[in-house]
Amino acid sequence: MNIELIFQIAGIGILTSIFHTILKQAGKEEYAFIATLAGVSIALIMVVQLLADLLNKVKSVFFLS
Amino acid sequence: MEIFQVVGIGLIGTVLAVFVKERNKEVALLVSLCTGLIIFSFAIAKVGVVIEVMGKMAGSAGVNFYYLETMLKIIGISYVAEFGAQVCRDAGEGATATKVEFAAKVLVMVVALPIFVAVLESILRLIP
């Protein structure tokens with residue numbers, strides 16, 4: 001029951017939105033969008049890893065070879 | 001009891017997802033997906049124990065393991081498909097959710113086909 005992954009992803013989301021706002025205030029729209037993209041992709045990588053090992057667990061439990 | 005942990009995690013995940021939602025929606029979806037995954041993996045571990053016991057009983061009762069395995073496959077397909085479809089629906093993508101459920105129904109039919117044929121054959125044998 002590793003709960004810290006939820007907090008990590010929520011933290012990434014908040015930091016991404018903060019960077020987005022800061023860069024937007026500084027007038028650099030493109031970098032703001034790139035920062036958001038980076039944040040979302042990092043969170044996505046972490047979630048996909050968790051999804052992968054969950055589906056492997058389901059595969060082993062339900063004989064879904 | 002683990003149910004308190006599960007409810008706690010669910011609530012924390014929901015609050016964080018709502019908190020992050022108005023800033024950026026993508027990560028909010030990822031937070032809710034991650035919460036669902038953690039609770040689902042916890043439940044799957046428990047279901048695994050139940051299935052082992054059912055397998056032993058079926059073995060001792062002489063039931064052919066193939067039927068139990070097919071039934072478990074169908075249950076597994078429906079669990080995963082329902083989980084995926086629900087996440088898609090949460091994100092507002094009703095069409096994708098329906099496609100996932102449709103594919104799951106097709107796969108269940110494919111898995112259940114041999115048993116369906118076996119039942120039909122046994123019925124035909126009964127009719128003189």
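Reminder, nothing fancy here: chain letters follow the sequence lines and each chain counts from 1.
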**Item:** Side chain / backbone / both / neither for B:Ile51 at chain A, heavy atoms under 4.5 Å
**Value:** side chain
**Asked** Between atom CD of B:Glu69 and atom CG of A:Leu64, what is the distance when rounded to the nearest 0.5 Å?
**Response** 9.5 Å
**Asked** For the atom pair OG (B:Ser32) and CD1 (A:Ile6), what is the distance rounded to the nearest 0.5 Å?
**Response** 10.0 Å
**Interchain contact, A:Asn2 with chain B, by part (heavy-atom threshold 4.5 Å)** = both
**Asked** Which heavy atom in B:Asn24 sits nearest to a heavy atom in A:Ser17, and how many Å separate them?
**Response** ND2-N, 4.2 Å
**Request:** Determine whether B:Val110 and B:Tyr79 fall in the same hydrophobic cluster, where Ile, Leu, Val, Met, Phe, Trp and Tyr are linked whenever their side-chain heavy atoms lie under 4.5 Å apart.
**Result:** no
**Message:** Tell me which of these, B:Leu33, B:Val6, B:Val20, has more heavy-atom pairs under 4.5 Å with chain A than the rest.
**Reply:** B:Val20
**Request:** Taking all non-hydrogen atoms of both residues into account, name the closest pair between A:Ile9 and B:Leu30 and its distance.
**Result:** CG2-CB, 4.2 Å
**Message:** Under a 4.5 Å cutoff for heavy-atom pairs, which residue among B:Ile77, B:Ile12, B:Ile75, B:Leu16 has the most contacts with chain A?
**Reply:** B:Leu16
**Prompt:** Under a 4.5 Å heavy-atom cut-off, does chain A meet the side chain of B:Ile74, its backbone, both or neither?
**Reply:** neither
**Item:** Toward chain B, the part of A:Leu44 with a non-hydrogen atom under 4.5 Å
**Value:** both
**Request:** Hey, could you give me the NZ/CG distance between A:Lys57 and B:Leu37, rounded to the nearest 0.5 Å?
**Result:** 10.0 Å
**Complete:** With chain A, the option among B:Leu29, B:Val111, B:Ile39, B:Val27 that has the most non-hydrogen atom pairs under 4.5 Å is B:Val27
**Request:** May I ask you to check whether A:Phe63 and B:Phe65 place their ring centres under 6.0 Å from each other?
**Result:** yes
**Asked** Do you know the tightest heavy-atom contact between B:Phe40 and A:Leu54?
**Response** CD2-CD2, 3.4 Å
**Asked** Going from CG on A:Leu15 to CZ on B:Arg23, what distance comes out if it is rounded to the nearest 0.5 angstrom?
**Response** 11.0 Å
